[in-house]
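Letters A, B, ... are given to chains in the order of the sequence lines, protein chains preceding strands, and every chain is numbered from 1.
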Number of protein chains: 2
Amino acid sequence: MKADLEPNLLLDEQLCFALYAASRRLTAVYRPLLDALGLTYPQYLVMLVLWERDGITVRELGARLQLDSGTLTPLLKRLEQADLLLRRRRESDEREVEITLTNAGRSLHERATEVPRCLAKKLCMSADEFVRLRDELKSLAIQLAPTQE
Amino acid sequence: MKADLEPNLLLDEQLCFALYAASRRLTAVYRPLLDALGLTYPQYLVMLVLWERDGITVRELGARLQLDSGTLTPLLKRLEQADLLLRRRRESDEREVEITLTNAGRSLHERATEVPRCLAKKLCMSADEFVRLRDELKSLAIQLAPTQE
DNA sequence: TCAAATTTAATTGTGCACAATATATTTTTT
DNA sequence: AAAAAATATATTGTGCACAATTAAATTTGA
């Protein structure tokens, strides 16, 4: 079947809705796995960043996840309450807040390794399909990024 | 380059983050266009459904968008406040609430036709690429749907 | 040097998402 | 027909997202 070239207002033909629905569905599949770790999905993303590089600032975290302090500040406070990380002003520049994992935060990494494995099973997708879809989405996001000037 | 077969915890290799980030980016591109119509992105989705078929219930709307009454009820109340639709209990079954477009709600359709056209430009994607990505996301969502039993 | 501009987080306010529960109505079962 | 089960929506509460504003620290530059 030939692709319809006319942009229209039919829900089922929108890329945006397909993206929005798939993203929510995938998050819903993560939910029970992350519940077991005591994390929400955005909190899990923050932990992924910190497991890669600890001691970064809120700004660096935000740049990585494309989230601002309005989202991150309360989220990080909750993770601090859960004893997974510490927030403290940097001495070198008091504007910045440095995020440091606690021992509990670091040890959660081990239990979290089950999460991607468990998800890979549910995805029923070959590694090549996985990589191709992921990279298409990444370039879409880059292409839609605000014009940098 | 060969696809990495090992599921891991690196942010940039996660499909979920690519999906989450792309979805938020695309919504952000819609935002100024929808602001002009006085709609948020989820409100726009509701209007898409109603422009296709008016007089449906909250349940049918929810089935279509995969949203529950906890999300839809307040959203629909806001659209009612904006004079775009009416909510009223059905006489045939008082449990159901039927959503009907007002004249203002119907006439918004015409102005909205600009939205997908405007977006198609920003996407810089061939119709075939567009359709393929959209349909991959749709089958991903279907595949991740809760096991129906 | 010191005033202006910039940078970084936090705060405030709105609007989703979604789980859990409540309420009212309808249908089914006994 | 009455009780029980199922259905549809609303409500409550938590946690994002994100725009707009505020506040404090730092950098820039006249």
Starting at [atom1] of [X] and ending at [atom2] of [N], how long is that distance when rounded to a whole Å?
X     : N      : atom1 : atom2 : result
B:E94 : D:dA10 : CD    : P     : 13 Å
B:E98 : D:dT9  : CD    : P     : 11 Å
B:Y41 : C:dG15 : OH    : P     : 18 Å
A:D93 : C:dT7  : CG    : P     : 12 Å
B:R59 : C:dT25 : CZ    : P     : 18 Å
A:I99 : C:dA9  : CD1   : C1'   : 10 Å
A:Q66 : D:dA19 : CD    : P     : 12 Å

Revision key, fill the gap. Result for side chain to side chain contact (heavy atoms under 4.5 Å, CB included) between B:L84 and one of B:L76, B:L101, B:L39 points to B:L39

Exercise for review: Would you indicate whether B:R88, at its atom CZ, is surrounded by more than 12 heavy atoms from other residues, nucleotides or ligands within a distance under 6.0 Å?
Suggested key: no

Report which part of the nucleic acid [X] touches: base, sugar-phosphate, or nothing (heavy-atom distance under 4.0 Å, all strands).
X     : answer
B:T27 : nothing
A:R90 : nothing
A:L75 : sugar-phosphate
B:T71 : base

Point to revise | Donor-acceptor under 3.5 Å (A:R64 side chain, A:R59 main chain) | key: no

Practice item. Could you check A:G70 against A:R25 and say which one's nearest nucleotide on DNA chain C is further toward the 5' end? Key: A:G70

